[in-house]
Amino acid sequence: MYSKNDDTAVGGGRPPSRFKASGLRSRHLAAHVLVAAWVVLALLAASIQQTLPVARRLAIHLLLLGAATTAIVVWSEHFAVAMLHARLPDRRWSNARPAGVNTGVVGVLTGVWADLPVLTGAGCALLVTAAAAHLVVLVRMGRGALGG
């Protein structure tokens, strides 16, 4: 479907979409790759259950803490922006929250696997902080959008 702005004789083609112009395509591709990496690691851990001492537990946590949490953080922001017609959050902070989540997950999983309670606690604190920051962003988007 074309709009009146899509006349190629007048303006030389379609105007750039908000998705392409904002750089969201590359950011979402990176998020897809990250989620896929967590899923591959979970499948790998599940397939070598005889070798690792806590492979089943590791596989579940790789899938749920790694892949699912990363996907939720990335896509809940995306859908909040799309559904609420909200402004895009600052790119640095939009990248910092998934980075904090993933760093926290790595810290938790490494701390549990290596039996380092301090690392587990630090990873957990980072994970909770990133999730709380994400919640604050979503609430602020909801309050400022659609006349709310």
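Because the structure is a prediction, the values reported are computed rather than measured.
Every residue two or more places apart in sequence or in another chain was checked for a side-chain hydrogen bond (donor to acceptor under 3.5 Å, both in side chains) with T69, and none qualifies. Qualifying side-chain contact (heavy atoms from CB on, under 4.5 Å) partners for W75, counting only residues two or more places apart in sequence or in other chains: H28, H32, A71, H78, F79. Partners of T120 by side-chain hydrogen bond (donor to acceptor under 3.5 Å, both in side chains), not counting sequence neighbours: none found. Contacts of T129 classified as side-chain hydrogen bond (donor to acceptor under 3.5 Å, both in side chains), with partners at least two apart in sequence or in another chain: none.
Across E77 and S94, no two heavy atoms sit closer than the pair OE2-OG, 2.9 Å. Residue P89 comes nearest to V137 through the heavy atom pair CG-CG1, 4.4 Å, listed as atom of the first residue, atom of the second, then distance. Of all non-hydrogen atoms in G104 and L126, the two that sit nearest each other are N-CD2, 3.6 Å. Taking all atoms of both residues into account, the shortest heavy-atom contact from P98 to V73 is CG-CG1, 4.0 Å. V39 and A67 make their closest contact through CG2-CB, 3.7 Å (heavy atoms, listed as atom of the first residue, atom of the second, distance). Between G66 and N102, the closest heavy-atom pair is O-OD1, 4.4 Å.
No continuous path of ILVMFWY side-chain contacts below 4.5 Å connects V74 to V101, so the two sit in separate hydrophobic clusters. V35 is not connected to I60 by any chain of hydrophobic side-chain contacts under 4.5 Å among Ile, Leu, Val, Met, Phe, Trp and Tyr, and they are in different clusters. Cluster annotation: L58 and L34 are assigned to the same hydrophobic cluster (Ile/Leu/Val/Met/Phe/Trp/Tyr, side-chain heavy-atom contacts under 4.5 Å, transitive).
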Enumerate, atom names and distances included, each donor-acceptor pair closer than 3.5 Å involving a side-chain atom of residues 108-118, sequence neighbours excluded.
| residue | atom | partner | partner atom | Å |
| --- | --- | --- | --- | --- |
| T110 | OG1 | V106 | O | 2.7 |

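In this structure, L65 CG and T70 OG1 are separated by 9.0 Å, a value rounded to the nearest 0.5 Å.
Listed by first then second residue, pairs satisfying salt bridge (charged side-chain N to carboxylate O under 4.0 Å, His left out) with a partner in residues 124-134 number zero, not counting sequence neighbours.
Under the 3.5 Å distance criterion, the side-chain polar atoms of T103 are left unmatched by any main-chain donor or acceptor of G100.
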